[in-house]
There are 2 protein chains.
Amino acid sequence: METRLEKARKDPESMKARILAVARRIFGEYGFHGTTTRMIAQDVGIDISTLHYHWGEKKDLYEAVILDINTDLRRSLIDVETIIHGRPLAERMAIAIDVMTDYLFAHPEVSNLILLRYFGKTRHESSLDFKVPEFTGDIARSMGLTNDPKNIPPRAMMEVLTVMNALHNFVSGENFFRPMTGLQREDYILAAKETLKLILIPAFVERDRMRS
Amino acid sequence: METRLEKARKDPESMKARILAVARRIFGEYGFHGTTTRMIAQDVGIDISTLHYHWGEKKDLYEAVILDINTDLRRSLIDVETIIHGRPLAERMAIAIDVMTDYLFAHPEVSNLILLRYFGKTRHESSLDFKVPEFTGDIARSMGLTNDPKNIPPRAMMEVLTVMNALHNFVSGENFFRPMTGLQREDYILAAKETLKLILIPAFVERDRMRS
DNA sequence: GATCGCCTCCATCATGTGATGGAATCATCG
DNA sequence: CGATGATTCCATCACATGATGGAGGCGATC
């Protein structure tokens with residue numbers, strides 16, 4: 001049985017899908033408490049009642065958004081993994097950083113929502129089991145940090161988080177960081193990629209060489 | 001002429017200072033929109049009117065909090081710089097990471113508020129000139145990335161941001177990341193330090209060696 | 001065309017929240 | 001003591017926001 005979320009994703013012209021797309025953007029910009037249902041409805045061009053008709057409570061819509069971006073992010077990670085499979089570590093990481101950075105800059109609300117979830121509390125607690133642990137497991141295996149993605153050592157988890165968060169930071173912080181640098185958007189993205197590769201790769205490559 | 005903020009900091013028992021301290025914590029946890037003036041007043045144990053009497057509008061109190069954590073962070077950075085002055089780069093970075101991580105874990109609202117400011121919009125725009133550029137300038141010089149802290153190359157700025165944000169991420173994301181790892185608080189802090197040193201230092205040290 | 005069900009909007013409600021006026025309390029000083 | 005100013009709290013307001021009921025419209029099916 002397909003969920004409402006899956007159904008909405010199928011037809012991007014449906015009202016449910018249009019609301020979800022706008023909700024992703026607005027929630028991503030302003031966070032849960034900073035977003036009002038009226039802001040979303042107005043951006044879609046509909047009445048608030050219509051929004052409630054399709055998605056119920058604000059919290060339900062928000063959780064649908066979270067599930068939605070998780071699905072997207074997971075798919076992107078899988079795509080990347082098929083690309084980099086079999087290559088040497090330094091190359092794997094460089095490609096992964098390039099591809100994932102491009103993806104996240106094209107969908108900044110993904111990074112926004114993930115980081116806001118990490119760092120900000122919601123007054124009402126959510127019953128969502130966030131899929132981060134699974135992600136980190138996949139990435140840890142992909143980076144050669146573990147062979148058993150179900151049982152990741154804490155240190156490997158911390159290393160994966162450091163890498164992923166470094167990406168999210170540049171994407172989500174663009175509004176703040178880019179004016180500081182005075183760079184145009186394309187140059188900023190390029191600088192982010194190069195900086196990430198410069199800082200993140202050597203430590204892993206060096207350790208990899210030591211072990212073999 | 002001393003500002004209201006400076007006066008409040010002098011006497012930590014004054015009502016103004018007590019409100020400010022609580023406001024730091026609550027704003028840090030829930031962000032601007034997620035925090036209500038009633039939450040703060042209740043935690044201090046006073047009426048909302050008393051809060052408004054001392055600090056005026058909610059936004060004014062929030063901006064006072066931002067200025068306050070900036071002052072604190074800046075002072076900590078200066079302290080670190082005097083400690084690490086004159087040592088070789090690898091040692092400088094290791095000490096800086098240790099000391100700053102300890103400081104931030106002792107005052108997590110600093111990291112929380114900084115990251116929420118980076119990544120989340122506020123519906124009302126703030127007229128605060130955030131002091132990030134100056135920070136990055138100081139740190140960039142301290143890391144040997146530039147000689148002129150007033151005019152930092154974009155790449156150096158990005159590198160400093162990567163390092164600082166990596167610290168903030170572990171501190172501010174503790175509620176999310178620590179359950180994932182299953183670590184106790186002290187072990188989590190230790191793992192954060194070691195991971196940060198492991199990943200962040202080699203790239204800079206290697207480049208430093210290449211250049212000399 | 002009549003009926004039915006789905007969708008949308010207008011009007012409205014209940015509550016949460018920021019903010020204020022004014023009375024009461026307290027400390028200080030002559 | 002009495003006066004003055006500073007501080008605190010109670011009662012209340014105005015508005016934003018989440019949410020709902022019900023009327024109207026629109027298309028499909030018979």
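Excluded from the calculations below are hydrogen atoms, water molecules and symmetry mates; all remaining heavy atoms, backbone and side chain alike, are included. Below, chain A is the first sequence line, B the second, and so on; all start at residue 1.
- When the shell of 6.0 Å around CD of B:Q42 is examined, it contains 12 or fewer heavy atoms from other residues, nucleotides or ligands.
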Using atom names, set out every protein N or O paired with an N or O of nucleotides 23-27 of chain C below 3.5 Å, distance rounded to 0.1 Å.
none

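- With sequence neighbours excluded, the residues satisfying side-chain contact (heavy atoms from CB on, under 4.5 Å) with A:K121 are B:E29, B:Y30, B:N175.
- By the side-chain hydrogen bond (donor to acceptor under 3.5 Å, both in side chains) test, B:E57 pairs with no residue at all, sequence neighbours left out.
- Atoms NZ (A:K16) and P (C:dT8) sit 11 Å apart, rounded to a whole Å.
- Every residue meeting the salt bridge (charged side-chain N to carboxylate O under 4.0 Å, His left out) condition with B:D98, not counting sequence neighbours, appears here in chain and number order: B:K197.
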Enumerate all atom pairs, one protein N or O and one N or O from nucleotides 5-7 of chain D, separated by less than 3.5 Å.
residue: D:dT7; atom: OP2; partner: B:Y53; partner atom: OH; Å: 2.9

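- Distance, A:R18 CZ to C:dC7 C1': 13 Å, rounded to whole Å.
- Scored by the side-chain contact (heavy atoms from CB on, under 4.5 Å) test, B:V99 finds B:V80, B:I95 as partners (sequence neighbours excluded).
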Would you be so kind as to tabulate the donor-acceptor pairs closer than 3.5 Å made by side chains of residues 154-168 of chain A, with sequence neighbours excluded?
residue: A:E159; atom: OE1; partner: A:R207; partner atom: NH2; Å: 2.8
residue: A:E159; atom: OE2; partner: A:R207; partner atom: NH1; Å: 3.0
residue: A:T162; atom: OG1; partner: A:M158; partner atom: O; Å: 2.8
residue: A:N165; atom: ND2; partner: A:L161; partner atom: O; Å: 3.2
residue: A:H168; atom: ND1; partner: A:S111; partner atom: OG; Å: 2.8

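- Protein atom CG of B:L51 is 15 Å distant from nucleotide atom P of D:dC10, rounded to whole Å.
- Residues satisfying the side-chain contact (heavy atoms from CB on, under 4.5 Å) test with B:S142, not counting sequence neighbours, are B:E81, B:I84.
- Residues passing the side-chain hydrogen bond (donor to acceptor under 3.5 Å, both in side chains) test with A:K58: none are found, sequence neighbours excluded.
- Partners of B:D148 under the side-chain contact (heavy atoms from CB on, under 4.5 Å) rule, at least two apart in sequence or in another chain, are B:T146, B:K150, B:N151.
- Within the structure, the salt bridge (Lys or Arg N to Asp or Glu O under 4.0 Å) test picks out the following pairs touching residues 38-49 of chain A (sequence neighbours left out): A:R25-A:D43.
- If you measure from atom OH of B:Y62 to atom P of C:dT17, you get 18 Å, rounded to the nearest angstrom.
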A correct 5'-to-3' footprint of nucleotides 15-25 of chain D, with B, S and - meaning base, sugar-phosphate only and no protein heavy atom under 4.0 Å, is --BBBBB----
